[in-house]
Structure formats: C-alpha cells, structure tokens
Amino acid sequence: MLHLTTDGKSFSPAGRALLCVLLALALSGCNTPNATKKREVWRFAIEETPGSVQDAYAKRFRELVEERTNGEVKVIIYPYGALGTSDHILEQLHNGTLDFAMASPGHLGKLIPEVQVFLLHFVMSNDERANICALKRPEVRSALDELYMEKGLRFLSAFSEGAMAWTTRKPVRVPEDFDGLKFRVMTSPLLIAAYEGYGASPTPLPYSEVYSALQLRMIDGQVNPVFAIEEMSFYEVTDWLIFPQHAYFVTTVAGSPRLLERLSAKRRAVVEDVVDQLQGEIETIQQRFNRQRLDTIKERKPDMNILRLDDAQRARFREAAAPIRDRYVQLAGERGQRMLQVLSAAVAHCESQLSTPP
Ligand code: 6CS
C-alpha cells in the first residue's frame with residue numbers, strides 16, 4: 001500500500017520505492033513484458049493500393065506474424081505509390097531497404113526473364129483450381145527458388161490474383177480487332193511481343209499511369225484482373241470488359257536475403273508457416289474480390305459492355321499466341337524452356353488430378 005506522510009511533504013520509504021518503480025515503468029512506456037524489448041520491424045511493400053488482393057495478403061501476413069511473434073515483430077505495409085513504382089520497390093528489396101515485397105512477373109521479368117513464363121498466354125489452365133494447385137507444386141517452387149536466389153532475392157510464394165480481362169474502347173473478338181489498338185501492358189518485354197503478335201501496338205507503362213493514359217486517349221485498352229479494373233477505375237474510361245480466358249495474373253512474394261539470412265531458425269519458421277497458410281487463404285480472398293468487384297462495375301456502369309469470348313474466338317487467339325513461346329525461349333534461354341516444361345507439366349498433373357474421381 002502506498003503511504004503518504006501526514007505532513008504531505010514526503011512519501012514513506014515503501015511508498016517512495018513503489019513510486020520509483022511506477023515512474024520507471026511510465027517513462028519507459030512499458031506496461032507489458034514485451035514492450036521492454038525493442039520491437040523488430042519488417043517492411044513489406046505491395047504493388048497495389050489499399051483494398052486490393054495484395055493489400056489483403058499483406059494485412060493477413062502482418063496479423064499472423066505479429067500474433068506468432070507475440071508482438072516482438074512489427075510489420076509495416078507500404079501500399080503502391082508510397083515507395084514508387086514496381087521497379088522502385090524491387091530495387092529497394094534488392095538493396096535491403098525493404099524486407100518483403102510483391103514482385104509481379106509482369107514487371108520482374110526484366111530482372112528474371114524466366115518468370116515471364118507466367119505471362120505466356122494459354123499456358124495456365126482454364127480451371128483455376130488447377131492453377132492454384134500448380135503454383136504450390138514443389139518442382140515449380142524449387143525452380144523459382146533457384147532463379148530468385150541467383151538474382152539476390154528469396155522466393156517465398158506465387159499465387160494467382162485472378163483471370164486477366166481486357167478493357168477497351170471497342171470490342172475485341174478476334175486478333176484482327178487488335179489491329180492498331182494502343183494497348184497498355186506491364187513492363188516485361190514478353191508482353192510487348194505477345195500483344196504485337198495479336199497485331200496491337202503495345203505500350204508498357206507503370207500501373208499508376210494507366211488511368212490517365214486511358215483518359216487522355218494515349219492508349220485504347222489495358223489488361224488486368226477484374227478487382228484491379230474496379231479499384232483503379234479503368235472501367236470508367238473504357239467501354240468494353242472482355243474475358244478472353246487466356247491468362248491469369250500471377251504474382252510472387254519475395255524476401256530480402258539480408259533479412260532472411262540473419263533471422264533465427266524460429267523466426268524463419270514463422271515466415272515459412274505464415275506464407276504457407278496464406279497460400280490457401282489468398283485464393284479464396286481473390287476469388288471473392290473478383291466476383292464482388294464485377295458486380296460493383298455492373299452496378300456503377302450498367303452500360304459497360306461485357307463480352308466472354310467463345311471457344312472459336314479463343315482458338316484464334318491461341319493460334320496467334322503460339323509463336324510467342326519461341327520468343328519467350330529467346331528471352332529466357334534454356335532455363336526458361338525448362339521453367340515452361342516444369343510449369344506445363346505441373347498444370348497438366350493438377351488438371352488430371354482434378355478430373356480423377358476420388
Ligand atoms: O498492371 C499492373 O501493373 C499491376 N496489376 C496488378 C493487378 N497488380 C500489380 C501490377 O503492378
């Protein structure tokens with residue numbers, strides 16, 4: 001019990017001791033055992049804005065890491081724009097100023113040409129479940145591990161953010177409809193070849209410049225998953241939303257070797273467990289986001305034309321896309337060819353597993 005002396009001028013010895021302890025605690029700002037330790041900070045940059053699939057991933061990552069380290073690790077999320085474009089984020093991950101980042105092949109392909117395998121059209125399955133399964137296969141993961149390691153990065157995970165859709169000012173049903181169309185693509189060189197193959201005039205731009213380029217009519221269309229088309233408002237400045245079912249937006253989560261190599265085995269296991277748990281969770285989240293955001297687009301812009309290509313139309317695109325595989329091999333070499341074989345085999349394996357009754 002705290003005793004004040006009756007003259008009010010001083011404390012009793014016991015009261016003084018207790019007061020000192022309380023004061024020390026107050027000054028150090030600590031009222032929990034963890035707070036006495038310095039919290040470690042992990043910086044995680046994403047290539048999308050708050051409310052996106054990558055944001056949902058990063059927030060869940062933060063929640064799980066903070067919970068499993070009893071708050072000893074604090075995760076700071078940097079949304080797109082806070083640290084620049086995808087290229088800037090990658091540079092910062094590379095030099096160790098960032099600890100984790102989303103690294104989408106659509107931009108990362110400039111540094112690691114082999115990851116452009118995810119940009120090839122008609123390689124992934126039409127059945128999204130098969131793609132989700134393929135991205136988890138150990139042979140796909142270990143091929144990526146090696147490629148990232150060589151470029152001074154650590155591969156942690158690859159997941160799909162949904163089917164790619166085109167938004168354009170005019171309908172596109174067959175490759176000839178792309179003739180002369182100024183079409184925005186991400187900055188990896190293979191995408192330029194892919195859309196040139198359809199007869200378009202591809203324009204590589206950072207994500208942040210797409211809306212104004214559409215608005216100013218510097219470009220006539222772009223390609224992204226539906227959730228992104230909604231949250232970046234691309235549908236406002238285009239008239240057609242087209243589902244060609246030709247590719248998925250695959251992204252990867254990468255870590256900085258500077259952080260991962262100095263982590264204790266226990267902390268590294270936290271990262272691995274969290275990434276593993278999120279692999280399943282994020283697919284459910286992205287499917288929900290893509291469904292809901294399509295409804296939002298329909299509600300906000302009822303006159304948006306929505307077009308799903310039929311099998312014959314898709315066959316025309318498949319045919320036009322076939323020679324781009326050679327271009328991929330030219331860009332990514334023998335290892336790229338191996339990556340393509342590994343991924344195609346994983347997709348085929350997962351498709352066959354799904355079609356086999358249990
Ligand atoms: O189109 C892009 O550049 C971007 N699209 C998405 C959905 N995520 C990040 C990427 O940079």
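One is the number of the first residue; the rest follow in order along the sequence. In each ligand, atom 1 is the first atom listed, and ligand 1 is the first ligand listed.
- Interface of Ser86 with ligand 1, defined as ligand atoms under 4.0 Å from a residue heavy atom, comprises 11 (O).
- In this structure, Glu283 contributes its side chain and Ser160 its backbone to a donor-acceptor pair below 3.5 Å.
- His107 contributes no side-chain N or O that, together with a main-chain N or O of Ser104, makes up a donor-acceptor pair within less than 3.5 Å.
- At least one heavy atom of Arg184 sits less than 4.0 Å from an atom of ligand 1.
- Each of the atoms 6 (C), 7 (C), 8 (N), 9 (C) of ligand 1 lies under 4.0 Å from some heavy atom of Glu48.
- Residues Asp239 and Arg169 are not paired through a salt bridge, judged by the lack of any N-O separation under 4.0 Å between the basic side chain and the carboxylate.
- Under the 3.5 Å distance criterion, the side-chain polar atoms of Thr252 are matched with a main-chain donor or acceptor of Ala103.
- Within the structure, the closest approach of Gly106 to ligand 1 does not fall below 4.0 Å when heavy atoms are considered.
- A donor-acceptor contact shorter than 3.5 Å links the side chain of Ser264 to the backbone of Arg267.
- Heavy atoms of His107 found under 4.0 angstrom from ligand 1 belong exclusively to the side chain.
- Under the 6.0 Å cut-off for aromatic ring centres, Phe178 and Tyr195 qualify, their centroids lying closer than that.
- Ligand-side atoms of ligand 1 in range of Ala228: 7 (C), range being under 4.0 angstrom from any heavy atom.
- Outside the 6.0 Å centre-distance limit, the rings of Tyr78 and Trp42 are not counted as a close aromatic pair.
- Any N or O atom pair closer than 3.5 Å counts here, and Asn224 shares at least one such pair with ligand 1.
- Here the heavy atom of the protein found nearest to atom 10 (C) of ligand 1 is Phe249 CZ, 3.8 Å.
- If you number the atoms of ligand 1 from 1 as listed, the ones under 4.0 Å from a heavy atom of Met186 come out as 1 (O), 2 (C), 3 (O).
- The parts of Glu47 lying near ligand 1 are both backbone and side chain, judged by heavy-atom distances below 4.0 Å.
- By the criterion of side-chain heavy atoms lying less than 4.5 angstrom apart, applied directly or through intervening Ile, Leu, Val, Met, Phe, Trp or Tyr residues, Leu343 is grouped together with Ile112 in one hydrophobic cluster.
- Tyr207 CD1, 3.2 Å is the protein heavy atom nearest to atom 2 (C) of ligand 1.
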